[in-house]
Amino acid sequence: MHLSAITDEISQDFEHALDVLLEYGAEGAELRGLWNVNIADLSDEQAKKAKQALQARGLKVAALATPFFKCNLEPAESAEAAGPLHLAPPRDLAQQMQLLERCARLAHFFETPYLRVFTFWKRGPYTVEIEDRIVNAFEQPLELAQREGLTLVLENEHACYVGTGAEAAHLAARIDHPHFRVCWDPGNAFAAGERPYPDGYEAVRPWMAHMHVKDARMVSTEHHGLQPRWCVMGQGEIDYAGQFEALRRDNYQGFVSLETHFVPETGTGPDGKGTPEDGSRACLEYLRRYFHVS
C-alpha cells in the first residue's frame with residue numbers, strides 16, 4: 001500500500017502541500033482543491049502547473065476527488081448542500097455528466113484511473129426505491145468510465161445516501177460493474193454509525209480500490225446529540241491498528257489517502273491557532289509507522 005493525502009487538507013498552496021507530503025515519505029497526492037479552485041474547475045493552465053509540480057517531485061496522482069453526484073436526486077429538494085463541496089459550485093443533476101466528462105479528461109491528463117464519486121445528498125431514509133434510482137443513475141456514468149478506461153470509486157459519505165461500508169458493498173454488488181469500485185472511508189462510516197473495523201471493512205473489502213483515512217471520537221452536543229469530532233489519527237475510536245493489519249494481511253496494493261478534517265485548537269497559525277497543516281502533520285506522523293518510511 002502507498003501513502004497519499006488530499007492536498008487541500010494540508011494547504012491550498014499546492015506546491016507547499018506536495019513538499020509536506022514528501023517530508024513524510026508519501027508516494028502520491030489526491031487532488032481536490034488547488035489554489036482555492038476545485039479540481040473539476042481547474043483551467044488548462046492550472047492543470048499544467050499542477051502536473052509540473054507533481055512531476056518535479058516524483059509524486060503520482062492517487063485519484064481525483066471529484067464532487068460528482070454531490071447533488072440532489074430530486075430537483076425540488078433543498079438548494080442548500082447537505083455537506084461540504086470543497087470549493088465546487090453547486091450543480092444540479094442535469095449538470096453532472098458534463099462535470100464527469102471534464103473530470104475524465106483531467107484523469108487522463110494526470111494519469112490516474114480513479115475518479116471519486118458519491119450517491120447524492122441524503123434527504124431522508126435510504127430506501128429500496130432510492131437505491132434503485134441510484135443504480136439507474138450510474139448507468140450512463142459507467143458507460144463513460146468504460147469507454148474512457150477509468151474507474152468510478154464510490155466514497156461512502158455520511159452526508160450522502162450511502163454512508164457505511166455495508167451500504168457501499170450492497171450497492172456495488174447490485175451495480176456489479178468492472179469500472180465501479182469503492183473508496184473505503186472508515187471515518188465516514190464511523191460518522192454514519194457503523195463500526196468501521198472489522199464490520200465495514202469486511203463488507204466492503206471485495207469492492208475496495210482506494211481508501212481515505214481520518215479519525216474521530218463521538219461527543220455529546222447540546223442540539224444534535226452524539227456527533228463525530230475529528231482528531232489526530234490513532235487518538236479516536238476507530239481501530240486503525242486492526243485496519244492496517246488487515247490491509248497488510250489482504251495485500252492491499254492501492255493508495256491510502258489522508259483526509260485529515262482535524263484542525264487543532266493551537267498551532268502555528270495566527271495568534272497561535274491551529275491550522276489544517278498542523279492537523280495533517282500530526283496525522284502523517286502517526287501514519288509513518290504503517291508505511292515504513294523514514
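Since we're looking at a predicted model, the values are computed, not measured. Here, residue 1 is the first one in the sequence, and each next residue gets the next number.
Annotation for F109 and A47: closest pair CE2-O, 3.3 Å, computed over non-hydrogen atoms. Of all non-hydrogen atoms in P67 and A40, the two that sit nearest each other are CD-CB, 4.3 Å. The heavy-atom pair separating D41 from Q46 by the smallest distance is O-OE1, 4.3 Å. The minimum heavy-atom distance linking T7 with A29 is given by the pair CG2-CB, 3.7 Å. The minimum heavy-atom distance between A246 and Y197, with the atom names listed, is CB-CE1, 3.6 Å. Taking all atoms of both residues into account, the shortest heavy-atom contact from D278 to P264 is CB-CG, 3.7 Å.
Between R102 and D44 there is a salt bridge, since a side-chain N of the basic residue sits under 4.0 Å from a carboxylate O of the acidic one. At a threshold of 4.0 Å, the pair R123-E80 does not count as salt-bridged, since none of the basic side-chain nitrogens sits closer than that to a carboxylate oxygen. A salt bridge between R281 and E277 is present, with a side-chain N of the basic residue lying under 4.0 Å from a carboxylate O of the acidic one. Salt-bridge formation is not detected for the pair R248/E245: no Lys NZ or Arg NE/NH1/NH2 atom is positioned less than 4.0 Å from an Asp or Glu carboxylate oxygen. Between R133 and E74 there is a salt bridge, with a side-chain nitrogen of the basic residue lying less than 4.0 Å from a carboxylate oxygen of the acidic one. Electrostatic pairing of E15 and R57 does not count as a salt bridge here, judged by no charged N lying under 4.0 Å from a carboxylate O. A salt bridge does not link E30 with R116: every distance from a Lys NZ or Arg NE/NH1/NH2 to an Asp or Glu carboxylate oxygen is 4.0 Å or more.
Here the two rings, on F120 and Y161, have centers that are 6.0 Å apart or farther. Taking the six-membered ring for Trp and the full ring otherwise, the centers of F138 and F69 sit less than 6.0 Å from each other.
Atoms CG and NZ, from L73 and K122 in turn, are 13.5 Å apart once rounded to the nearest 0.5 Å. With values rounded to the nearest 0.5 angstrom, S4 atom OG is found 9.0 Å from F291 atom CZ. Taking NZ of K49 as the start and OG of S43 as the end, the distance is 9.5 Å to the nearest 0.5 Å. Rounded to the nearest 0.5 angstrom, L115 CG and H179 NE2 are separated by 12.0 Å. Note: Y201 OH to I238 CD1 = 15.0 Å, rounded to the nearest 0.5 Å. Note: E157 CD to H212 NE2 = 10.5 Å, rounded to the nearest 0.5 Å.
The closest side-chain donor-acceptor pair between H210 and E155, if any, does not fall under 3.5 angstrom. No hydrogens or angles considered: nothing links the side chains of T164 and N156 as a donor-acceptor pair under 3.5 Å.
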Which is it for K60 and E27 under the salt bridge (charged side-chain N to carboxylate O under 4.0 Å, His left out) test, yes or no, and what are the steps along the way?
-> CA-CA 6 Å; K60 297 178 180 179; E27 297 176 70; over 6 Å; no
Carefully, step by step, assess E131 and Y126 under the rule side chain to side chain donor-acceptor pair (under 3.5 Å).
-> CA-CA 7 Å; E131 185 176 77; Y126 183 39; 3.1 Å; yes
Go through D250 and R205 one step at a time and tell me if the side chain to side chain contact (heavy atoms under 4.5 Å, CB included) criterion holds.
-> CA-CA 9 Å; D250 296 332; R205 180 170 55 86; 2.9 Å; yes
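You'll find the side chain of F244 reaches within 4.5 Å of the side chain of V256, heavy atoms only. Taking the side chain as every heavy atom from C-beta outward, R105 and E148 never approach each other to under 4.5 Å. Between L144 and L100, some side-chain heavy-atom pair lies under the 4.5 Å cut-off. Two residues are said to be in side-chain contact when any heavy atoms from C-beta on lie closer than 4.5 Å; C103 and L99 meet this criterion. Between Q243 and M211 there is a side-chain heavy-atom pair separated by less than 4.5 Å. Residues L18 and L54 meet the side-chain proximity criterion, which asks for heavy atoms closer than 4.5 Å. In this structure, R181 and Y114 have side chains that are not in contact, with every pair of non-hydrogen atoms separated by 4.5 Å or more. When side chains are defined from C-beta on, R217 counts as touching C231, because their heavy atoms get closer than 4.5 Å.
The 12-atom threshold is not exceeded at CD of Q140, counting heavy atoms of other residues, nucleotides or ligands nearer than 6.0 Å. Surrounding NE2 of H170 are at most 12 heavy atoms belonging to other residues, nucleotides or ligands under 6.0 Å away. Enclosure of atom CD in Q95 by more than 12 non-hydrogen atoms of other residues, nucleotides or ligands within 6.0 angstrom is indicated. Around NZ of K51, the count of heavy atoms belonging to other residues, nucleotides or ligands within 6.0 Å exceeds 12.
Note: H2 and F255 have tilted aromatic rings, judged against thresholds of 30 and 60 degrees for the angle between ring planes. By the 30° and 60° cut-offs, the orientation of the rings of H86 relative to H261 is parallel.
Looking at E237, R229, M233 one by one, the single match for side-chain contact (heavy atoms from CB on, under 4.5 Å) with D215 turns out to be M233.
For the pair K214 and W230, the cation-pi test (distance below 6.0 Å, angle within 45°) is passed.
The closest donor-acceptor contact from the side chain of N136 to the backbone of D132 lies under 3.5 Å.
Under the 4.5 Å side-chain contact rule for hydrophobic residues, I10 and I6 do not share a cluster. L85 and L34 end up in different hydrophobic clusters when Ile, Leu, Val, Met, Phe, Trp and Tyr side chains are linked at under 4.5 Å.
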